[in-house]
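Report on the following structure.
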Amino acid sequence: MEVSASASRRRNNSICIKISLLILVIFHFSSTITAIRKDVGFQIIHPCKTTVQGRYLLSDDNGYVCNAASVNSRSRCCPQRGEKFSCHGCNLLSQCCNSYEYCVSCCLNPALISKEQVLKMKVAKPTTANTHHLIFWPGTYSSVFDYCAGRCRHSSESVVHENAYISDFHHCFSLSSNSSAGKNSTLTEARLSGINVVVGRQGESCNSVCKSRGQSCVPNKLVVLNSCDIIQKYMSCKGSCLASVGADQPAEVVYDAPVHLNPGSCLYTETQSILSCDGLHQHTRRLCPCA
Amino acid sequence: QTLTPNSPPPPPPPNYIVAFRHYAAADSHRAYLESALRPEGWRWIPRRNPAAQFPTDFGLVAIEDLGVVDEIQKLGSVKYVSLDMSYKRGLMTKKDQRRNDNKVGAFEDGKKKRPGKIFTAMSFSEAEEEDASNRSSSVKWGRELLMQRSQVTSMFGAGDLWAKGYTGAKVKMAIFDTGIRADHPHFRNIKERTNWTNEDTLNDNLGHGTFVAGVIAGVDAECLGFAPDTEIYAFRVFTDAQVSYTSWFLDAFNYAIATNMDVLNLSIGGPDYLDLPFVEKIWEITANNIIMVSAIGNDGPLYGTLNNPADQSDVIGVGGIDYSDHIASFSSRGMSTWELPHGYGRVKPDIVAYGRDIMGSKISAGCKSLSGTSVASPVVAGVVCLLVSVIPEPDRKNILNPASMKQALVEGAAKLSGPNMYEQGAGRVDLLESYEILKSYKPRASIFPSFLDYTDCPYSWPFCRQPLYAGAMPVIFNATILNGMGVVGYVDSTPTWHPSDEEGNLLNIHFTYSEIIWPWTGYLAIHMQIKEEGAQFSGKIEGNVTLRVSSPPAQGEKGPRISICVLQLKLNVVPTPPRSKRILWDQFHNIKYPPGYIPRDSLDVRNDILDWHGDHLHTNFHIMFNMLRDAGYYVESLGSPLTCFDARLYGTLLLVDLEDEYFAEEIEKLRDDVVNTGLGLAVFSEWYNVDTMVKMRFFDDNTRSWWTPVTGGANVPALNDLLAPFGIAFGDKILNGDFSLLGEQNRYASGTDIVRFPRGGYVHSFPFLDSSESGATQNVLQTSGSTKADSPILGLTVMGEGRIAVYGDSNCLDSSHMVTNCFTLLRKILDFTNEDVRDPELFSDSNKQDSPLYEADNQLPSRRTDVNFSAYSAIVGKELICRTDTRLEIWGTKGYSLQVRGRNRRLPGYPVIDLGRGLNSTSDASNIWRPRLTVRSNKDDSLGNRYLGLFYGDEPDAPMLVGGHWLVPVVVAVTGILLLSFWRIRQKRRRRRKGSSSGRLANI
């Protein structure tokens, strides 16, 4: 018994000593690092804004990404090391990233997003059902960083089947409107990522089309397909692309339809609120977003 | 569940089971009690049933005087006395039905799912009739309302803070509910209303959102809110039919972040804590310093019913109490189930508040009364608004955050006597105490709960119900680290155990914890074992655990913020009990919702078709746990494969309602454990029928996919593989009905039948209705002329050195939807499997099998081939490994392997295998040698936090350049830790040699 107690006591003392030494060593290095940060701090002109929501990383509005422990406590900036405006883990075509912090950093790059475009954007507050999937921000953005920090958050556009992400790249910074024609197709492809666009059979609803493929219709993507550019990619549209009214759009009229229904033409609807996975028409084939 | 009527009839005196040490005629036991006790205060209950002719070892008595219980327990021939717990569903009166309609959950009946994300029941009204009658009389009306008016805000002392000038001014309060009217007269500051639903309106047409806002900020004299000057931001995320979708929440939460809300109340939740976009968005909300308050759920009194997001550690989860400070029956409770089976649950709710008959605002004017945790949540949200306004506005975001507010609330809460920590959390919220804490608050970290006291019963249930002893599976206590210093925090070094005296060194304690604490919160799990030297120790072990937390410096600070947290331990230790008293519960092979569609066990239950209560010893099986403790058994839990326990230490392995598959190594080891090592095996199965499963699928429009059951109530094909070496198998009937056994009326609720059983075993059959062919979700009434065939449901047999008992239903052990319990049967089964004590009725000659029950292989139930089971299974496609719930010495190994056999290493103090059987058995030849630790799994596995691995497995590592600044101290720390580990390994070797020496001495 005495031997055991003595051994325990000795072991405790040894552990304490080693832990103390370890702490001293850590403090020594920490002190050095603090000195480095102080030097960097003197060069900063203005304090930085940073993101806060990451477990491991954060971005500042200079365009750098770092971890919370290395932030300069006086300026709140990341150390200016590594790549500025890093797009690590980002798909530049879709402008979507697999990390929120790198999405913000990449978004800040003036070569990708111009400040003038961002600061001019104004979007109304959501007071009607039709607008609930648009991006909602209070008035004009006060800075590009604010736009990027808000835009990169995952949102209703990021989810499929509601409780799963469309893909790992679900932090996107693309402008949602007023974009140039050249970028339009890439934006559309981004919004359709993870979506299987299927042409249905005559007289079939999108629910039925998707179900026959073991998938389900994603109604909030119908608005993306409801465009002549998109429809013409998947359907021949021999006649033309016409505006119409009906729950079965977007669709293509079959060749043996009555003449007054414009056989061979494609139809899109101008009333987006009636877009529905349930709609069908005996003389049309639907274009369906499945997932 | 049904609601209790307002004025129930006085309950009859409770019945108690008195267990005697010997078998005798019931009349003899009765005469014994009558001669030893005074005649008042108790009454013998005769049981007239076929078993009356047999000798028995127990009796049933009604006891009005609790003192009599102690007297009976002291009698020499009495083994134990325990409450006879029978749960019967009350008849639904018309009144109850109307109230039940108010509690709308996601599944109104068993067939159809309501649209939208899965939410559980909302709040309900109990006093509507009284309100209507009061309106007719002005004098009575005034008096009644005057009483009610003082109940919520004044009971919390809000008037004191109002008098100091704190009224919630300049606090941005986001209310996620059904909306509110812009010109409502009860509110001073409706700042903004937004609509996130597909209904084109901003108004509240249901009344719930208005009620919640009234509790928080109403100014009407009849239903005052806590913070009348707070700024209300109404987010309409629920439609008039209480439907919502994940995508609506995501956009609404993003807007709350962009507009810089201070407090957010969400009064509705659901079981889906693996809705990853939703859960991550909640983390973003709190990381952006929005204090979130949410209702814990209205699914009480069942255990394992916590709702998400209230079950997240960064959210303030609120339970409900009534005005007598009792836990309201509707309040969800039981620990969280995120971290099972390798970890343990967290304490939730965090606090409780009054949630019964709360007065709040009506849609356009006037007041009404509602009950539920969804109205207790705005009580706390109102308290939080008031507390936020206590801090001067420029300092608010620096001092207040989700962690500091939770610290103030839980440290200021008043602990209630009676409920345990998984029912009340820290206790009833105390506004004035929390105000005193926040008034002088400096950012710091703390641990909640900050103490674990085995002597504080019932608050520390289940820990206080079962003491620690050497040789047991580790006891895990999971506490939350609250870090008020910053959104990101770090645990600088391993937590340290500081014993108060020498006995504390008998404790072998390990820690798993969040290395990065984010957002504002993390976990600290304590794994406790008693060392082998303590096998004969009896008494208390006291001490504390200290943990050092650091956070990056705030703006302008020079060094990191550092805080030392303390967790106090007071443990109860007993000598290691004998093998015949030890039971091991298999938690590892249980699968539940989420993520998979695991159907419920009793198909009679129509409003709850998912199995989401955790199936844990301390959640929906907690009543069984209490019963076993009352009976003197020691119940341990195994959350790893069956190779990870030493079978020589346990009398019985208990397999209840298991849905997963089994490794081949597990099947082989279990056979050897039973046949050669004498382990008892008790199996409680459930229904399994593929046709019924196919019929049970439904289309969920929130996830836009077809949901189909991945297995039955239990995974019978897998169980049959496990039991095949013993010649036992279950079938695919779904049997329902009542039967009588051991003098009790029992309910068989959607259980299965036994189709294989060996010769010489004892099989019990009863007539039941098979509902599998007629469809799972409807009970077709049979014509009176139909016959019910006898179906075997219970089998008991000896198998080599061990004994096996199988039963086809587990609802009678599961408190979720229990109709009757079968604890008497369980005790008889355990008597048999542990000690070969045979009840005369269970082992009567008329039940003995002269020839084996047999069914051809192609007639046995088969697995579904159209379901990807590996997505839900911990076995299929996974590696066999013992994780952090097992003995500390085998973490990261494959456990006790059959292939490695060594010499007999009997440890001092361990109970010796029964010599009577040992002389005739070959158990020595199959002694299991525990492999030396050579390989440890990576750090992620050893953390034991399963869900984090799921979420962040693909997180890209920080690039080397970015990490340069913290890399050097990390390398130094790792080096130091490695050195310490090497040193500890040498210590272990030294100790082992010493132990070996002791062994030799013992042999002499």
Side-chain angles (χ1 to χ4, degrees), chain A residues 4-5 8 11 14-15 18-19 22-23 25-26 29-30 33-34 36 47 52-53 55-57 65-71 73-74 76 79 81-82 88-89 98-99 125-130 132-133 136-138 150 153-156 158-165 168 216-218 220 291, chain B residues 117 194-200 202 245-248 250-251 254-255 257-259 272 275-278 280-281 283-284 287-288 487-488 493 502 505 516 518-519 533 552-559 702-705 954-956 958-959 961-966 968-969 972-973 976 980 987:
Chain A
S4 177
S8 293
R11 188 173 60 240
S14 300
I15 292 175
K18 285 187 182 265
I19 292 175
L22 193 64
I23 291 170
V25 169
I26 292 173
F29 280 94
S30 298
I33 293 168
T34 303
I36 293 172
V52 300
Q53 69 193 49
R55 175 186 296 269
Y56 302 104
L57 300 173
V65 175
C66 62
N67 74 331
S70 59
V71 170
S73 65
R74 186 169 291 102
R76 308 297 307 159
R81 296 161 189 243
H88 180 82
N98 59 9
S99 152
K125 294 169 185 173
T127 55
T128 61
N130 297 336
H132 79 280
H133 281 299
F136 316 109
W137 303 119
R153 299 189 200 284
H154 72 278
S155 67
S156 56
S158 314
V159 296
V160 68
H161 295 337
E162 298 280 325
N163 66 354
Y165 291 115
D168 286 339
S216 65
C217 179
V218 186
N220 61 334
Chain B
K117 186 171 157 69
T194 51
N195 178 33
W196 308 87
T197 70
N198 58 6
E199 288 179 346
D200 192 2
L202 287 165
Y245 288 86
T246 301
S247 56
W248 300 355
L250 298 184
D251 292 335
N254 282 345
Y255 188 68
I257 295 172
T259 49
D272 197 358
D275 181 344
L276 186 45
F278 185 89
E280 287 192 346
K281 190 59 72 179
W283 286 333
E284 279 182 38
N288 280 273
V487 61
V488 175
S493 59
E502 288 302 322
N505 295 311
I516 297 183
W518 175 92
E533 303 95 90
Q555 183 140 26
E557 293 179 358
K558 291 189 175 180
N702 188 57
T703 56
R704 290 173 173 90
S705 58
D954 297 326
E955 187 87 4
L961 288 172
V962 172
H965 288 288
W966 51 262
V968 171
V972 172
L980 287 175
Q987 287 297 305

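Letters go in sequence order (proteins before strands), and every chain restarts at 1.
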Are A:Ser155 and B:Asn254 packed together at the side-chain level, in the sense that at least one heavy-atom pair is separated by less than 4.5 angstrom?
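Yes, side chains in contact.
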Pairwise distance OG(A:Ser158) to NZ(B:Lys281) - rounded to 0.5 angstrom:
7.0 Å
Minimum heavy-atom distance B:Leu250-A:Ser156, with the two atoms named
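What the structure gives for the nearest pair is CB-N, 4.0 Å.
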